Amino acid sequence: METWNAILSRRNVRTYSDRPIPPDDLDCILEAGRRAPSSQNWQPWDFVVVTDRDQLKRLSTVAPYAGHVPGSVATIALVMGDFDDAGKRETARFDLGQATVSIMLAAVDLGIGSGHATVTDQEQARRVLGLPDDRFCAYLIALGHPADRPLKPIRNPARRPLEDVVHRGRW
Ligand SMILES: Cc1cc2nc3c(=O)[nH]c(=O)nc-3n(C[C@H](O)[C@H](O)[C@H](O)COP(=O)(O)O)c2cc1C
């Protein structure tokens, strides 16, 4: 798929077929995350990949809107440091966002859907993922081939019009 088509086709996919994700495809998706840019190249992320069905079920309990996680073929937990410094925390979250988009675009390029989930219960996340005390799980990215419809360019996305969003030269 062309990059532009991947951008047009990405959407949150929350129902997945049983079709396995080939290990090379999963590695490619993770590599896309690893290659994401970050502030001063500090790479504040670790990725925990979960594929076991029971563990996926337990993982879905760490977030209020993660009903799609148990049916995923794999879910990537994005893990970062539990920084006290607000600036570091904000920068790390920005960088994790960059990794997220790279992961999602690499997935759609392979015909694989992805869905975010915000994590709220850190104690449970630490238990399910075996994280050290100085780390926490910021987001989950569930993966799998879409069960609803294939990934195709979306003609009319639910987005504010370009002329509302873009300010040329000045606000
Ligand atoms: C930071 C962030 C957190 C999100 N958290 C959740 C979530 O917990 N559960 C969920 O189903 N979707 C979640 N989403 C997906 C958004 O609802 C979705 O991206 C948005 O509605 C636009 O839809 P689209 O991704 O299909 O274009 C999250 C997205 C972002 C960027």
Side-chain angles (χ1 to χ4, degrees), residues 1-17 21 29-30 32-33 36-39 43-50 53 55-83 86-129 131 135-162 164-166:
M1 194 184 277
E2 294 286 332
T3 308
W4 182 236
N5 272 346
I7 291 169
L8 297 184
S9 304
R10 191 218 54 82
R11 61 183 168 85
N12 256 258
V13 173
R14 298 187 180 91
T15 54
Y16 312 98
S17 77
I21 297 177
I29 290 166
L30 292 161
S38 61
S39 173
Q43 305 161 67
W45 47 62
D46 284 270
F47 308 137
V48 183
V49 191
V50 177
R53 186 66 48 206
Q55 196 184 359
L56 286 167
K57 279 187 195 144
R58 282 187 289 129
L59 191 57
S60 70
T61 66
V62 305
Y65 304 108
H68 49 297
V69 168
S72 67
V73 174
T75 287
I76 301 171
L78 301 184
V79 174
M80 59 178 257
D82 202 357
F83 304 113
K88 267 192 172 176
R89 217 166 41 236
E90 191 185 334
T91 304
R93 282 193 175 275
F94 183 90
D95 291 340
L96 259 63
Q98 307 237 50
T100 299
V101 176
S102 289
I103 284 170
M104 289 186 153
L105 288 179
V108 75
D109 184 55
L110 295 163
I112 295 166
S114 59
H116 307 81
T118 307
V119 177
T120 50
D121 186 343
Q122 290 301 330
E123 285 310 308
Q124 176 70 346
R126 284 202 180 97
R127 267 194 299 274
V128 175
L129 298 169
L131 303 181
R135 301 298 159 99
F136 81 97
C137 177
Y139 293 102
L140 303 175
I141 306 174
L143 298 167
H145 294 90
D148 49 3
R149 57 192 189 283
L151 292 159
K152 285 210 183 113
I154 298 165
R155 295 284 157 225
N156 293 303
R159 292 296 189 266
R160 291 164 54 208
L162 192 68
D164 265 19
V165 175
V166 178

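Read the numbers this way: they start at 1 and go in the same order the structure lists the ligands and their atoms. Note that the structure is predicted; figures quoted are calculated from it, not measured.
- The residues E90 and R93 are annotated as not salt-bridged, no charged nitrogen and carboxylate oxygen being separated by less than 4.0 angstrom.
- Remark: Y65 pairs with no residue by the ring-ring contact (aromatic ring centres under 6.0 Å, His included) rule, at least two apart or across chains.
- For ligand 1, the protein residues within 4.0 angstrom (heavy atoms only) are R10, R11, N12, R14, Y65, H68, H116, A117, T118, Y139, R159.
- Of the candidates V49, I29, L110, L143 forms a side-chain contact (heavy atoms from CB on, under 4.5 Å) with just one, namely I29.
- Formation of a donor-acceptor pair under 3.5 Å by the D148 side chain with backbone atoms of T15 is not found in this model.
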*So Q124 and R127, side-chain hydrogen bond (donor to acceptor under 3.5 Å, both in side chains) or not? Walk me through it.*
CA-CA 5 Å; Q124 176 70 346; R127 267 194 299 274; 3.0 Å; yes

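- Checking side-chain atoms of R126 against main-chain N and O of D121 turns up no donor-acceptor pair under 3.5 Å.
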